[in-house]
Protein chains: 2
Amino acid sequence: MTVKLEDVAELAGVSKTTVSRVLNNRGYISEQTRKKVHEAMEELHYSPNAVARQLFKKETKLVGLIFPSVDNPFFGELAAELEKRLFKQGFKVLIGNSMNDPEKEKAYLKELIGNQVDGLIVGAHNYNIDEYKVTNLPIVAIDRIINDDIPIIASDNYQGGKLATELLISKGAKNIIVTDGPLDFQTPAHNRRIAYESVMKKNKLIPKSFIIDFNWNLDKKIKEIKRMFKTYPNMDAVFATNDADAALIWRIAKRMNIKVPEELKIVGYDRATSTRILLPELTSIEQPVEEMASLAVKTLIKRIKGEKTVPKQIVPVTLWKGESV
Amino acid sequence: MTVKLEDVAELAGVSKTTVSRVLNNRGYISEQTRKKVHEAMEELHYSPNAVARQLFKKETKLVGLIFPSVDNPFFGELAAELEKRLFKQGFKVLIGNSMNDPEKEKAYLKELIGNQVDGLIVGAHNYNIDEYKVTNLPIVAIDRIINDDIPIIASDNYQGGKLATELLISKGAKNIIVTDGPLDFQTPAHNRRIAYESVMKKNKLIPKSFIIDFNWNLDKKIKEIKRMFKTYPNMDAVFATNDADAALIWRIAKRMNIKVPEELKIVGYDRATSTRILLPELTSIEQPVEEMASLAVKTLIKRIKGEKTVPKQIVPVTLWKGESV
DNA sequence: TTGAAAGCGCTAACAG
DNA sequence: CTGTTAGCGCTTTCAA
């Protein structure tokens, strides 16, 4: 059905070997033969079968990405940056949005492990998934703890939490609430809250946290945020550990006629491109997406080549001063 | 090196065929044999080689996505929705961000055509790329014109432009500027502008358009928008054909102390999730991302199965009334 | 400078 | 119910 190397060989009147050599620019070939082969390829619209090549070479030049969802702007941007860099290194990207669903993540992993990809970049691990332990596939994790063998790239979550909390306190806030994801979800992002708690205590203030699960839909989130306002009527600041939540809190405050930043100060987290464009007024901790992507790709490629890598790489965050504090 | 089917067969004391049958639940197998095989697989941590299977079956269960960038919220969301639906149908997703670069797009296409994917969903076509003509790979286009053979899914761009313009006029705007991407880029999105022009003329108003290229970086965009304000000092409304541009225009107006909506009315386009969350105040035309994704996947799967498909499917848009008009 | 032949790991006739 | 065998399309020794 489809044109294969053999057809090209036949039309050009040479052997499969010769065509393969022309295709890969390997070995000695006379100009004349090369030309004949090229003509035959053109005429038949030949394109080599990548799968057959992969089977032989035992490499696919594919890297799997497992993230909660490219829907989330931060992960979308990260995915785009990773893809850009991987493409330059000759890799294409297989994407899998886990939707924070361990079953879906497990399903992906199982299939990808079957020589489908040369490596994996993961940022979606929720609960313990055994498959990560069994495989010897090269893996790099972004802002997620998986296990000791898997190197991790993260931004300085602790520093981010510290910067945010100190800023709020310096502006006179006393009743500062932090929002965080569910605690049984293991992630270095919890360090944002931990830093907050430490700074609060150092300033003789009482840390209070409020759970906002990223798996909740918009309505549920709004309901919970409203509950937060009721639960803490005296709160004068919120440190939201992502920008989407910060934006929601801001919006709800507005509806309740609470003035930002006079009556309520808000700091977000991430500062993905869409936040920068759509809501530059939001004070937020900016994660260096490009740098994280760059490190992840470099580390993964080292792993694929079998080189040693450091187990942990932390990159600095910066404070963006908007108008919400 | 890696464990293969043969190793499992040997350990279990059966033939490769039997193992294959257990793996695929095909044919008759005694419970005892099945058990033996399963045990052997467990013991060896066997996972089947997807590539070998692909070579034989001549299908990869992979679908390629070619988009400008999953960075862009609208495309990020679309990609996430497509991935979700394709996964349910047993397909994984290979992503390629063209970055609106015809060379990169061409490079992707060439490789993907080599039996790497079973189908393609494209939303990034800029200029004419011959490869689309040569291949008989099943392809579906989203909001992009490629050629007559490739079915297209689009939202009702004309209706969107009409809704936006009529709203602005009904609110008393007279000097309405439309922003559009470069004209030599073929896309149904131009119908947004075309509808605008038609409605303007019908109302005896003069249509004026201003080019904002999506390939420009943020600084260049800001510079150009400032130039737009200078060029049209009397403008009292802007219909921006995407939300990011609308947000920038709003921000710049704010800096210039131009009151929105009193002195300047703004309508955007897309209403991806991040806009809904970060900037719900923006009046905008909402594209039904989920429906578009659903249609695209259904259509592609029909194509893959060799079934007939309609050449064009248009889905309705809706007007979101924010506070910017 | 070129070709013949073996094999990458799996599946599916076909035969038993 | 199970095994033998050929082959998916390509690359690469090895030999000419």
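Residue numbering restarts at 1 for every chain, and letters A, B, ... go by the order of the sequence lines.
A heavy atom closer than 4.0 Å to some atom of DNA chain D occurs in B/Arg21, B/Tyr28, B/Ile29, B/Ser30, B/Thr33, these being the qualifying members of residues 21-38 of chain B.
By the 4.0 Å N-to-carboxylate-O rule, A/Lys35 lies close enough to A/Glu39 to be salt-bridged with it. In summary, B/Arg85 and B/Glu81 engage in a salt bridge, as defined by a charged side-chain N under 4.0 Å from a carboxylate O. A salt bridge is absent between A/Glu10 and A/Lys36; no separation between the charged side-chain nitrogens and carboxylate oxygens falls under 4.0 Å.
Spacing between atom CZ of B/Phe56 and atom P of C/dC8 amounts to 17 Å, rounded to whole angstrom units. The distance between atom CZ of A/Arg53 and atom P of D/dC10, rounded to the nearest whole Å, is 8 Å. Across the protein-nucleic acid pair, B/Lys16 atom NZ and D/dT5 atom P stand 11 Å apart, rounded to whole Å. When the P atom of D/dT5 is taken as reference, atom CD of B/Glu6 falls 14 Å away, rounded to whole Å. The interatomic distance linking A/Leu5 (CG) with C/dG3 (P) rounds to 12 Å, in whole Å. Atom CD of B/Gln54 and atom C1' of D/dC8 are 12 Å apart (whole Å). Distance CG (A/Asn49) to C1' (D/dT11): 13 Å, rounded to an integer number of Å. The nearest whole Å value for the distance from the CD atom in A/Glu59 to the P atom in D/dT12 is 10 Å.
The shortest distance between the side-chain N/O atoms of B/Ser15 and the OP1/OP2 oxygens of D/dG3 is below 4.0 Å. For the OP1/OP2 pair of C/dG9 and a distance below 4.0 Å, the side-chain nitrogens and oxygens of A/Lys58 include at least one atom meeting the criterion. Contact annotation: B/Thr18 reaches the phosphate of D/dG3 (side-chain N/O to OP1 or OP2, under 4.0 Å).
Here the side chain of B/Asp7 pairs no donor or acceptor atom with the backbone of B/Val3 at under 3.5 angstrom. For the pair B/Lys92 (side chain) and A/Ile95 (backbone), a donor-acceptor distance under 3.5 Å is absent.
Taking a 6.0 Å sphere around NZ of A/Lys302, one finds it holds 12 or fewer heavy atoms contributed by other residues, nucleotides or ligands.
Nucleic acid contact for A/Val14: sugar-phosphate only, since backbone atoms but no base atoms lie under 4.0 Å from a heavy atom of the residue.
One donor-acceptor pair, N or O on each side, does fall under 3.5 Å between the base of C/dA12 and the side chain of B/Thr17.
Here the rule is ring pair (Phe, Tyr, Trp, His ring centres under 6.0 Å) with A/Phe67, and of A/Phe75, A/Phe74, A/Tyr108 only A/Phe75 fits it.
Between C/dG9, C/dT11, D/dG9, one nucleotide has an atom nearer to the side chain of B/Ser20 than all others, and that is C/dT11. Checked against C/dC10, C/dG9, D/dT11, the side chain of B/Leu55 finds its nearest nucleotide in C/dG9.
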